[in-house]
Amino acid sequence: MAELGAVNQVGESIAALLRSRRELLAAEGRLTPVPPSQDIKHVSINALAGTSPPTSGLTLSCYHMIRSEYPVGRRPMEDPSRGMGISLDLSYMMVSWSSITEEEQALLSWAMLELNRYPTLSYGQLQGTDIWSRDETIQIIPEDADPERIFRIWDAMKQRLRLSALFKARVVRIGYGDIPDGPPVVASRFQFAHGDPVAEPAL
């Protein structure tokens with residue numbers, strides 16, 4: 001199970017994977033016509049909905065998260081205070097911003113190809129490794145890319161439609177790690193009095 005910051009690091013890890021793959025393929029001369037220098041970055045959905053959206057490159061934005069159908073497991077007889085957390089599925093939109101048609105299409109289709117070739121992020125590929133458990137892996141799977149659905153996302157952001165694709169990252173297990181068994185003590189108050197309160201008559 002990972003710490004809370006792992007949710008953001010999923011997008012950062014996917015962007016880092018694509019950047020490293022592009023650098024490797026460019027060195028081998030196998031990247032044409034994918035632009036070798038345009039940025040590939042993980043940005044908030046708010047950055048796309050603002051007045052100054054990106055004008056080049058490729059962006060990944062998490063636009064929805066939901067509780068996963070795969071809950072956080074717990075071994076039999078394990079302390080109930082251990083492993084308490086939730087599992088999340090993260091939905092992303094990947095957008096190509098190039099103003100050149102060939103580059104726009106090549107950049108997005110290449111990214112889709114790479115995520116299909118490398119659909120699993122292991123511990124060594126996850127950014128911020130200090131917040132992940134060593135047994136964590138993230139799966140990247142295509143999501144329903146019905147044109148009407150994509151159009152509604154862009155319409156909700158008050159932006160013109162751009163070439164984009166949807167995918168999902170799962171299962172992101174997050175929690176606080178080991179926690180004390182029982183609620184924390186907030187305050188304590190002790191009072192002493194003379195006599196036996198049971199034997200004394202009520203007022």
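Scope of the values below: all heavy atoms of this structure, side chains included, with no hydrogens, waters or symmetry mates. Positions are given from 1 along the sequence.
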**Item:** Within residues 41-52 or reaching into it, pairs that qualify as side-chain hydrogen bond (donor to acceptor under 3.5 Å, both in side chains) - sequence neighbours excluded
**Value:** Glu12-His42

Minimum heavy-atom distance [X]-[Y], with the two atoms named:
X      : Y      : answer
Ile138 : Leu126 : CG1-CD2, 3.9 Å
Pro33  : Ala106 : CG-CB, 3.7 Å
Gln9   : Gly128 : OE1-N, 4.0 Å
Ile131 : Gly5   : CD1-C, 3.5 Å
Ala165 : Met112 : CB-SD, 3.9 Å
Leu108 : Met94  : CD1-O, 3.8 Å

Same apolar cluster: [X] and [Y], side chain cutoff 4.5 Å:
X      : Y      : result
Phe151 : Leu163 : no
Val95  : Leu115 : no
Leu166 : Leu17  : no
Leu48  : Ile14  : no
Met93  : Val7   : no

Note, [X] side chain near [Y] side chain (heavy atom, < 4.5 Å):
X      : Y      : value
Ile86  : Arg67  : yes
Arg173 : Asp135 : yes
Met157 : Ile45  : yes
Leu88  : Ser68  : no

**Asked** Does Gln125 use its side chain to pair, donor to acceptor, with the backbone of Ser122 at less than 3.5 Å?
**Response** yes

**Message:** Under a 3.5 Å distance rule, please check whether Tyr92 uses its side chain to pair with a backbone N or O of Gly11 as donor and acceptor.
**Reply:** yes

**Message:** Regarding Ser98 and Glu103, do their side chains bring together a donor and an acceptor under 3.5 Å, going by distance alone?
**Reply:** yes

**Asked** Other hydrophobic cluster members with Ile141, side-chain heavy atoms of Ile/Leu/Val/Met/Phe/Trp/Tyr under 4.5 Å, chained?
**Response** none

Out of curiosity, [X] [atom1] to [Y] [atom2], how far, rounded to the nearest 0.5 Å?
X      : Y      : atom1 : atom2 : answer
Phe167 : Leu60  : CZ    : CG    : 4.5 Å
Cys62  : Leu90  : SG    : CG    : 5.0 Å
Ile100 : Gln105 : CD1   : CD    : 12.0 Å
Arg162 : Ile150 : CZ    : CD1   : 13.5 Å
Ser87  : Ile66  : OG    : CD1   : 12.5 Å
Ser164 : Leu58  : OG    : CG    : 10.5 Å

**Complete:** Residues pairing under salt bridge (charged side-chain N to carboxylate O under 4.0 Å, His left out) where one sits in residues 105-134, two or more places apart or in two chains, turn out to be Arg21-Glu114, Glu114-Arg117

**Complete:** Residue pairs meeting salt bridge (charged side-chain N to carboxylate O under 4.0 Å, His left out), one or both in residues 148-160, sequence neighbours left out, come to Glu143-Arg149

**Prompt:** side chain to side chain contact (heavy atoms under 4.5 Å, CB included) with Glu69: which residues, sequence neighbours excluded?
**Reply:** Arg170

**Message:** Once side chain to side chain contact (heavy atoms under 4.5 Å, CB included) is applied, do any residues pair with Pro53, and if so which ones, sequence neighbours excluded?
**Reply:** Trp97, Gln159

**Item:** Test log, rule side-chain contact (heavy atoms from CB on, under 4.5 Å), inputs Ile153 and Tyr63
**Value:** CA-CA 9 Å; Ile153 295 174; Tyr63 69 90; 3.9 Å; yes

**Request:** Start with the C-alpha distance between Trp110 and Arg22, add both sets of side-chain angles, then the distance that settles side-chain contact (heavy atoms from CB on, under 4.5 Å), and finish with yes or no.
**Result:** CA-CA 9 Å; Trp110 164 80; Arg22 184 179 62 174; 3.5 Å; yes

**Message:** What verdict does the side-chain contact (heavy atoms from CB on, under 4.5 Å) test give for Ile174 and Val172, after you've listed the backbone C-alpha separation in whole Å, the side-chain angles of each residue and the deciding distance to 0.1 Å?
**Reply:** CA-CA 6 Å; Ile174 59 170; Val172 186; 4.0 Å; yes

